[in-house]
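Single-structure report; data block below.
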Amino acid sequence: MKRTAERRNRRSTQYWTTAIVVALLASGLPIAALIKLCSSNNPKYVLGYIVLISLITVYINWSDKRKAQTDSWRTPENTLHLLELAGGWAAAYFAQRFFRHKTSKTRYQVTFWFIAVIQNYVALEYLLKWRFSKDVYSFLKTLFE
C-alpha cells in the first residue's frame, strides 16, 4: 500500500515537472517579447492584461470542467481557443493539467498547440522587428506589380 502511494507521488511529481519544463520552453519567446513590450509601453497595462486574460482563462476552464462533470451546458471550444489566442494559452496549459480537462481530446490539443506555435511565431517576429513578415510582403508585392 505504501509503495503504491510512493509511486503515485513520484508520477505526480514527474508529471508536474514535465508540465513546467514544457511551459517554460514554449513560453520563452513570448516572455522575451513581453519584456520588450513592457520596456516600450507602460508595463502596468501589459502585465495587467496578461494577468486578467490568464485569470479569465483559468476560470473558464475550471467552469467548463465542472459543467462537464454535472452534464450542464458547456463552454464552446471556440471560446476556450479564443481565450488562448488572446494571450491566455500558458494559463490554459496549466489549467488543462491541473483540472485534467481537455488533455486527451486530440482535436482540441492540435488546435491548442497550433495557437501556441502561432503565438511563439508572432513573438519571434516582434523580437526581430517583423523581418520575415516584411520580406514576405515585399515578395508578394513584386509578384502583383
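Quantities reported herein were computed from a predicted structural model and do not represent experimental measurements.
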Original post:
Should we say atom OH of Tyr121 is surrounded by more than 12 heavy atoms from elsewhere, each under 6.0 Å from it?
Top reply: yes
Original post:
Heavy atoms, side chains only, cut-off 4.5 Å: are Cys38 and Tyr45 in contact?
Top reply: no
Original post:
Heavy atoms, side chains only, cut-off 4.5 Å: are Leu37 and Tyr126 in contact?
Top reply: yes
Kindly list each side-chain donor-acceptor pair under 3.5 angstrom involving residues 48-56, sequence neighbours excluded, with atom names and distances?
| unit_1 | atom_1 | unit_2 | atom_2 | d |
| --- | --- | --- | --- | --- |
| Tyr49 | OH | Ala86 | O | 2.5 |
| Ser54 | OG | Ile50 | O | 2.7 |

Original post:
Which word best sums up how the rings of Trp62 and Tyr59 line up, parallel for under 30°, tilted for 30 to 60°, or perpendicular for over 60°?
Top reply: tilted
**OP:** Could you go through the side chain to side chain contact (heavy atoms under 4.5 Å, CB included) check for Trp89 and Val117 one step at a time?
**Re:** CA-CA 10 Å; Trp89 76 268; Val117 167; over 6 Å; no
**OP:** Group every Ile, Leu, Val, Met, Phe, Trp and Tyr by side-chain heavy-atom contacts under 4.5 Å, then state whether Ile115 and Val110 land in the same group.
**Re:** no
**OP:** Of all the heavy-atom pairs spanning His101 and Asn61, show the shortest one and how long it is.
**Re:** CD2-O, 3.7 Å
Original post:
What residue pairs, at least two apart or across chains, pass side chain to side chain donor-acceptor pair (under 3.5 Å) with a residue in residues 73-83?
Top reply: Asp64-Arg74, Glu77-Lys102, Glu77-Lys105, His81-Glu84
**OP:** Quick one: sort the Tyr93 and Trp113 rings into parallel, tilted or perpendicular, breaks at 30° and 60°.
**Re:** perpendicular
**OP:** Compare all side-chain heavy atoms of Gln109 with those of Phe112 and state whether any distance is below 4.5 angstrom.
**Re:** yes
Subject >> Flag side-chain contact, heavy atom, 4.5 Å: Leu124 against Asn120 >> reply: no
Original post:
Can you list every salt bridge (Lys or Arg N to Asp or Glu O under 4.0 Å) pair that touches residues 119-142, not counting sequence neighbours?
Top reply: none
Subject >> Same apolar cluster: Phe144 and Tyr137, side chain cutoff 4.5 Å >> reply: no
Original post:
Sub-3.5 Å donor-acceptor pair from the side chain of Ser39 to the main-chain atoms of Lys36, do we have one?
Top reply: yes
**OP:** Output the distance between atom OG1 (Thr57) and atom CG (Leu82), rounded to the nearest 0.5 Å.
**Re:** 9.5 Å
Original post:
Is any side-chain heavy atom of Tyr108 closer than 4.5 Å to a side-chain heavy atom of Thr103?
Top reply: no
Original post:
What pair of heavy atoms forms the shortest contact from Val58 to Phe99, and how long is it?
Top reply: O-CE1, 3.9 Å
Original post:
Should Leu34 and Leu47 count as side-chain neighbours, where that means a heavy-atom distance under 4.5 Å?
Top reply: yes
**OP:** Determine yes or no for a side-chain-to-main-chain donor-acceptor pair under 3.5 angstrom, with Thr111 supplying the side chain and Arg107 the backbone.
**Re:** yes
